Every structure is written in structure tokens, then in C-alpha cells.
Participant: 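Next up is a structure, given as C-alpha cells.
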Amino acid sequence: MAKSTEHFSCQSCGASYRKWQGKCDSCSEWNSIVEDGGKQIVPKGLSSGKGRQLEFTTLDAEKSDYKRHFCGVNELDRVLGGGFVPGSSILIGGDPGIGKSTILLQAVGLMAKRGYTCTYISGEEATQQISMRAKRLGLTDSPVQLAAANSLRDIVTSLEKSAPPDLLIIDSIQTMYADNLDSAPGTVSQVRACSQELIRLAKKLNCALMLVGHVTKDGQIAGPRVLEHMVDTVLYFEGDRGHQFRILRAVKNRFGATDEIGVFEMTDMGLQEVANPSALFISNQEKDISGASVFAGMEGTRPLLVEIQGLVAPSQQATPRRAVVGWDSSRLAMILAVLDARCGLSLAGNEVYLNVAGGLRVNEPAADLAVAAALVSSISDIPVPEKSIIFGEIGLSGEIRAVGQTDARLKEAAKLGFEAAIIPLGSKIKDPTIKIIEVEHLSEIVSLFTREKEAVNA
Ligand code: TYD
Ligand code: MG
């Protein structure tokens, strides 16, 4: 076996190097290479027969039959795939002040009231500050074990000595430090070491662990990317600070579906669950507003109606502005190009603004058609047909492609009082509850607006 002498490795992708360098050749990350300690990546003599014999079981082993704990915040339980799995670790990330500490305090508060042992360890706030918040949330009578601590050693010692909790919250992982490492709290090596130790402890005590993670300015969870691999579940708590709505999104879940969302509203009594989010994201539409369409989207398994607003205005500038809130700007550029090339509708001399109402972020290509309708409606100053929803993906030749879960989208629309739906031709509908208008090409959407105008002028 060739003897390996590399002893530097990239913290971001794991590539090994013989000497330090500023940029990793394999993942192009800067400043991610650190000395790795051991001179040999694979120590010699592993096959000497000194290891312990593993016991193999089958997939239906009884051990896999775990019982989940419900915390009582229903939206959180649902995003987790039906409550907390004992021994699992969950990472929750989000912008500062978005409400991570609040939702976790509410979760432990409700859970402890129902007889579970819950421990909340904060490295950011003093216990008095947390009690003040608990008072506002009406949770002071809940028997939560609360502590303010930063030292990993203190936390591990205390937890190993007392009865293990059912749920352990660490707020936040960036404020914890292991005193056997030289680096400051929040650095890659500290975050990795602390998480590893806490995850090991959670497995040993069979308690659910919830770590709060800070995010960097581009929205990723700060610290090593490996953190997301180490935990079982990664949740993001997002929302616009200017709006009250907060969305909890699972991006990784070993024990449930991802892309599931929970919707909350931030009030002066903490975070309230929103039972009917669709009603929230559609403004009280006055009749006959041009430049707005209602998109029937899907967030995980749940249909969600949102209003998409477009504005096309003449521009004096050489490069007119295109501004997008809540949607992908390259997707908008594509739709503008298709409108130009396939439908002869050029917006080159115009500024284009696009906004998804309510602070929601839409990622589905199915929103293409709703975006196009909002823009064309803004140009022609003709409103989208009243009480209608719209969805469909636009292809580069201008064709409208069918999207999944048509029935769920239509059902949600019918539930909220919509009477018509503009959808791709060839969608498989089982039971149409509302009037269906099928479209095959983007030019039909364009002519939908021009034809009406002629009828009005006539
Ligand atoms: P917090 O949970 O401290 O955010 P994070 O831990 O993600 O940094 O949330 C703080 C924000 O929430 C703060 O701006 C005030 C607001 N808030 C309310 O509006 N109502 C409440 O009842 C509470 C507790 C907080
Ligand atoms: Mg906090």
C-alpha cells in the first residue's frame, strides 16, 4: 500500500494536500484548508483482527420501531415528519431575529407542560431574558430546564449526571466552545467538534437534539458544510422581516418528506400557527386590477395559492431595470425572451418588476404561466379573468407543459372560492370542480388579453 503523507485537508470538500495553500483546487473554496493532525490518513494495520465483531440485523429489526414525541406546535411537528424522533439531531437555520429562539421556546414550553423533560440551553441570552420572553408567551408555568451556558464540557457533564431529557435545545451552536481546542467559538473546528460531541451525546441519551445555526449573508448555515451531513434533519426558518409571515422549511429529513412547510405568523404573543395559509398570501383583491395573477402552487404536499404581481413600465435608460422579489431572476429573463421570440411581444425598452405577495419565495417552474399572465396583463392593462387561478411551465418554444398535482391545486382553488383555472393542455384532471381553460402555447395567453381588449373597445 502506498504510504500517504498528506496532512492538510479542505474543510469544505475533504480533499487532502501535502502542504497548505490558500485555495482548494478541487472545490475552489478559499481559506478552507487546515492542518489535519495525523500524518497518515489511513493508519496501517487495520486488518490485524483486533476490531470488535459487528452484529448484523435485518431491516425489520425491532430496534427500528421508534416512538416519536409530538411537541404540540403542530406546524413544527408536521415539518419534522410527525414529531421528534428520539436520538435524532435537527439543525435549524435562519436570519437573525426571524424567530428561531421564539419557536423553540414555544416548543419546549408546550412539551414540558405535557410531562416531557425538556432542556433549553442558551449561549446567547441570559436566563432572565428568556424568562421575560416566556412570560410574554404565557409559558412561565411550564417546567422547562433552562440554563445559560457556552462550555461544551459543562453541558455534557450536567446532562450525563442528571436524568436524560426528551428534548435538548442548543441555542446556538456557534456560541458553544470545546475547551480542548484553541480556536474561538463559531470557527469551523469548534462548530464541528461541538456538534459531533452533542450528536453523540443525544444518541447515547436517546434524546432529540435541536441545534440552532446562524446563517451567512447568502443564506447558508454558517460553519462547515459537513454539519448539514452530520445531522438527521435540516430546517430553515425564513420570511421577510417586513412581513409577519414566517415559513419553516425542511431541506433534509431522514425521517420524513422534505419540501414540507409550516406557516406561522409573528404576533405580540409569539408565533401563531396559520391554519389556512392560502388566504394569507392572496390580497383582498379588488376587482379589475391589471398586472396581478393568482398562482396555485405546491409546497411539499400542501397546495398554496399566492398572488404574483407584475409591472411593466416604459424606461428612459439604456439598460432598463428588471427587479424580482420572491422569484428567480433568470427564470424571468427566460420568460421575457420567450414572449419576445415566440409571441412577438418585446419588452426591451421597458422596466419589468415582479413581486410575489406576502414575502413568500416561489421556486416552482409551474409559476411561469402566472408570471407571464401578470406581465402581459400589466402591458395590456387588462385584468386577468376574475376569480381564476393559473399555473403551468413554459418551454423555450413557448409551449405550455403540464405540471404535477393538478387535482390538489384545483381543489385548493375551489375551496377558496375561485371559479376558473387556466392550466396546461393535457393535464390529467380527475374531477374538475371549477371551470377549466386549457392552453397549449404562450401566445394563447397573450391573445387572451388582446382579444378581450378588442371586445371592450368594440
Ligand atoms: P428571536 O426568536 O429572538 O429570533 P432569532 O432567535 O431567530 O434570532 O425573535 C426575535 C424577534 O421576534 C424580535 O424581532 C421580536 C419578535 N417577537 C415578537 O414579535 N413577538 C414575540 O412574542 C416575541 C417573543 C418575539
Ligand atoms: Mg435567538
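These numbers come from a predicted model, not from an experiment. As a basis for the values below, the full set of heavy atoms in this structure was taken, side chains included, without hydrogen atoms, waters or symmetry mates. Counting convention: from 1, in listed order, for ligands and their atoms alike.
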Participant: From the Mg ion (ligand 2), how many protein N/O/S atoms are found at a distance short of 2.8 Å?
Facilitator: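 Total protein N/O/S atoms under 2.8 Å from the Mg ion (ligand 2): 1.
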Participant: Would you say CZ of Arg401 has more than 12 non-hydrogen atoms from neighbouring residues, nucleotides or ligands within 6.0 angstrom?
Facilitator: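 At most 12 heavy atoms, drawn from other residues, nucleotides or ligands, come within 6.0 Å of this atom.
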Participant: Hey, could you give me each pair passing salt bridge (Lys or Arg N to Asp or Glu O under 4.0 Å) that has a residue in residues 311-324? Not counting sequence neighbours.
Facilitator: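 Applying salt bridge (Lys or Arg N to Asp or Glu O under 4.0 Å) to every pair that reaches into residues 311-324, excluding sequence neighbours, yields nothing.
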Participant: Can you find a side-chain donor-acceptor pair between Glu124 and Ser172 that sits under 3.5 Å?
Facilitator: yes
Participant: Flag the pair Arg246 and Glu273 as a salt bridge only when some basic side-chain nitrogen lies within less than 4.0 angstrom of an acidic carboxylate oxygen.
Facilitator: no
Participant: Strictly under 4.0 angstrom, heavy-atom based: which residues surround ligand 1?
Facilitator: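 Near ligand 1, by chain and number: Asp95, Pro96, Gly97, Ile98, Gly99, Lys100, Ser101, Thr102, Arg133, Arg136, Leu137, Met266, Thr267, Asp268, Met269, Gly270.
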Participant: Hydrogens and angles aside, do Asp171 and Ser101 bring a side-chain donor and acceptor to less than 3.5 Å of each other?
Facilitator: yes
Participant: Enumerate the salt bridge (Lys or Arg N to Asp or Glu O under 4.0 Å) contacts for residues 323-333, please, sequence neighbours excluded, ordered by first and then second residue.
Facilitator: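 As it turns out, the salt bridge (Lys or Arg N to Asp or Glu O under 4.0 Å) pairs with a partner in residues 323-333, which skip direct neighbours, are Arg331-Asp368, Arg331-Glu393.
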Participant: Determine, step by step, whether Arg249 and Glu238 satisfy the salt bridge (charged side-chain N to carboxylate O under 4.0 Å, His left out) criterion, reporting the C-alpha distance in whole Å, the side-chain angles of both residues, the deciding distance to 0.1 Å, and the verdict.
Facilitator: CA-CA 8 Å; Arg249 200 186 284 277; Glu238 52 192 42; 2.9 Å; yes
Participant: Is the closest basic N to carboxylate O distance between Asp141 and Lys113 below 4.0 Å?
Facilitator: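 Salt bridge flag = yes for Lys113 with Asp141.
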Participant: Please say whether the positively charged group of Arg68, taken as NZ for Lys or CZ for Arg, lies over the ring of Phe84, i.e. under 6.0 angstrom from the six-membered ring centre and within 45 degrees of the axis.
Facilitator: no
